[in-house]
Every structure is written in structure tokens, then in C-alpha cells.
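Everything on this sheet refers to the single structure shown next.
For reference, positions follow the sequence shown, starting with 1. The structure presented is a predicted model; accordingly, all values stated were derived computationally and were not measured. As the structure lists them, so they are numbered: ligands from 1, and atoms in each ligand from 1.
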Amino acid sequence: MKVALITGAARGIGAATATEFANAGYAVAILDRDGEELRQTGSKLEQMGAKVLTLETDLSSLEQIEKAVSQTAEHFGRIDVLINNAATRELETIREITPENWQRAIDVNLTAPAFLSKWCSPHMKTNGGVIINITSVEAHIPKGVCAVYAATKAGLLGLTWETANALAGDNIRVIALSPGAIATDFGADYSGGKDDQPAGPTLSKDMRDYSESVIPMQRWGTVEEVASTCRWLASDEASYITSTEITVDGGLRHTWMTREIKNRIRPGEFE
Ligand code: NAD
């Protein structure tokens, strides 16, 4: 039985990805710092008949990361897939960054994926493996609203190319998956849905209007649409895909740039 280790799996994209892999017959090691929600997600997976290991781990600690990888390898005897999905919600602009929020985001969004890749990859050497780094369309779109988040996601792209090159000889494929606007608490937060607006799949009217005006497919993506892409990328059907970025964004990335040009750089020109 193949084994997938998925970070940030208590909720959102991570939980959906764990469900997708469990349905595809994988044993899943689910990692999150939120122990209570992680255990609830773990119970749901077990009720589906999945083999599950829950790892209550804070990704800002290298010591805890190393322990989580050892526990997974000891418990299941192998690691085939690593999905670096967890990220902090540090969404400050360059004016708002502090040494603390900057470091927190670097630790969780960039350092943790690097060391998880370093420590998981020896377990993939015998059978080959797949590492998927969840980045963001934000890595490409300078909107001026989230300096540290965008920097970590752009850094994760660089880490993807470098890791893919170094590990290709061991038949380990490394791919970046960049979601656009996906209906989760994080996605809602990011789009101004904080506090007074419902998060998750039941988005407020304002947020639906926003999505309809910006996203060519005129809707938010679902966690299942990201999860099924991860499962496909990890499968043998994608066996020659490595060192590249796949966007799951309903066309958002390219249109967003056009919108910026329209509204800010050359106002009036496209009317
Ligand atoms: P989410 O906030 O719903 O879930 C993130 C999970 O990561 C949470 O369970 C959280 O507890 C966990 N986490 C955060 N910090 C951690 C830490 N220090 N240690 C361990 N676990 C930690 O987010 P989501 O929307 O499901 O996003 C998942 C990934 O997709 C992230 O990398 C995010 O940047 C990316 N992404 C999301 C969107 C979107 O619109 N939702 C868009 C682009 C990229």
C-alpha cells in the first residue's frame, strides 16, 4: 500500500487531498498543528476504511518535522508521496511586515517544505516517489498586498525546480501546484471574507460577485478540484511530469494581470 504524507491536512485543501488519496487506496499520514481538528479529520478517514496516522506537528519546528517523518516511515514502512500543503496566513504588505511575521511565514511556507523533502526523499529512493509543493498564483501576480506570502510562494517554485533536478535520478518527481481562488477559510480570509462573512464553500454574495468579475470561469474552485489534480499528478498517468508548475485557477492567473493593467497601469485604455 502506497503512503502519502500531507501537511496542513486538518482542513481545507489538505483534508480534501487526504480524502482523495485515501479513496485511491493510499495509507495517509496527515500532519497539522491543530490537533483537535486533525483528529476529527483522521476519524472521518478511518470511518471510510482508510489507514491513517495523525501527526500533531508544528511546522515551524525542524525537530518536530524530523520526528513526524521518522514516525511515518516507522509506522507504514515507506513514504511514496509528500504534499507540502500547509501555509501560514501571513498576508502583510511590505509596509506591514515585521521580523516576527516574516520569519513565521518563511519557516512554515518555505523551510518546512525544504526539510520535509530532504528527510522524506531517502524513503522514496527504492520505489521512486512524488513531491507536490502547493504554491499559489500569487507567486506571479504583484498585487502589492501580501509581500511575505508571495515571496514564500515564489521561493517554493525555486525550491521545486532545484529539488526536481537533484532527485530526478532517484525517480522522484517534484511538481508545484498553484491554486487560484479556492473556497476555504484561507481563501475567504484572503479575499476580505474575514469575520463578518461566511467562509468555506458557502461564500457571501460580495465574494461571489468578486469572483465572477475576476475569474474567467466565474466561480471559485473547490478543494476537491485541487485534491484530484494532486492525485493525478502523483499517479503513473503523470509519470513524465516533473520540474513544472500546474495551475488550478479557472484562468485567474493570466486574467488578473490583464485586470491590473486595465485598472492601474493604463487606466482608460481598455474601455
Ligand atoms: P487553510 O488555512 O484552510 O488550511 C491550512 C492548514 O495548514 C490548516 O489546517 C493549518 O492548521 C495548517 N497549518 C498552518 N500553519 C501550520 C504549522 N505551523 N504547522 C502545521 N500546520 C499548519 O488553507 P487552504 O486554503 O486549505 O490552503 C492550503 C494551501 O493552498 C496553502 O499552501 C495555501 O497557501 C494554498 N493556496 C490556497 C488558496 C485558496 O484560495 N484557498 C489559493 C492559493 C494557494
Regarding ligand 1, does Gly180 bring an N or O atom to under 3.5 Å of one of the ligand's N or O atoms? yes
Shortest reach to atom 5 (C) of ligand 1 by a heavy atom, considering only Ala87, Gly12, Ser61: Ala87
Please give me the minimum heavy-atom distance between Arg104 and Thr88, naming the atom from each residue. O-CG2, 3.9 Å
Exactly one candidate in Glu245, His254, Lys153 meets side-chain hydrogen bond (donor to acceptor under 3.5 Å, both in side chains) with His140; the answer is Glu245
What part of Thr7, side chain, backbone, both or neither, has a heavy atom within less than 4.0 angstrom of ligand 1? neither
For ligand 1, which atoms, with element, lie under 4.0 Å from some heavy atom of Ser136? 43 (C), 44 (C)
Near Thr184 (heavy-atom distance under 4.0 Å), the atoms of ligand 1 are 24 (P), 25 (O), 26 (O), 41 (N)
Where do Gly8 and Asn85 come nearest, in terms of heavy atoms and distance? O-ND2, 3.2 Å
Test of understanding: clusters of I, L, V, M, F, W, Y form through side-chain heavy atoms closer than 4.5 Å, transitively. Do Ile83 and Phe76 belong to the same one? no
Ligand 1 contact on Glu138 by region, counting heavy-atom pairs under 4.0 Å: neither
Please could you name the atoms of ligand 1 that Thr57 approaches to less than 4.0 Å, counting only its heavy atoms? 19 (N), 20 (C)
Does Asp34 reach ligand 1 with a nitrogen or oxygen that is under 3.5 Å from one of the ligand's nitrogen or oxygen atoms? no
At their closest point, which heavy atom of Leu110 faces which heavy atom of Leu159, and how far apart are they? O-CD2, 4.2 Å
When clusters are formed by joining ILVMFWY residues with side-chain heavy atoms under 4.5 Å apart, either directly or through shared neighbours, do Leu156 and Ile65 land in the same one? no
Ligand 1 atoms nearer than 4.0 angstrom to some heavy atom of Ala181 are 40 (O)
Closest non-hydrogen atoms of Leu38 and Glu56, given as atom of the first, atom of the second and distance, are CD2-N, 3.8 Å
Heavy-atom pair of closest approach, residues Ala86 and Asn109: O-OD1, 4.4 Å
Does Trp220 come within less than 4.0 Å of ligand 1, judged by its heavy atoms? no
Shortest non-hydrogen pair, Val148 vs Ala105, comes out as CG2-CB, 3.3 Å
State the atoms of ligand 1, each with its element, that fall below the 4.0 Å cut-off from a heavy-atom position in Arg89. 2 (O)
Honestly, for Leu59 the part within reach of ligand 1 (heavy atoms, under 4.0 Å) is both
Where ligand 1 meets Thr135 - atom numbers and elements under 4.0 angstrom, heavy-atom basis: 35 (C), 44 (C)
Location of contacts on Val223 toward ligand 1, heavy atoms closer than 4.0 Å: neither
Going by the order shown, which atoms of ligand 1 are within less than 4.0 Å of some heavy atom of Asp58? 17 (C), 18 (N), 19 (N)
Test of understanding: given a 4.0 Å heavy-atom threshold, classify the contact between Ile182 and ligand 1 as side chain, backbone, both, or neither. both
Heavy-atom contacts under 4.0 Å between Glu37 and ligand 1: side chain, backbone, both, or neither? neither
State the CG-CD1 distance between Leu252 and Ile141, to the nearest 0.5 angstrom. 5.5 Å
Show, in sequence, the C-alpha distance, side-chain angles and deciding distance for Leu45 and Thr19, and conclude whether the side-chain contact (heavy atoms from CB on, under 4.5 Å) test is met. CA-CA 7 Å; Leu45 290 165; Thr19 307; 3.8 Å; yes
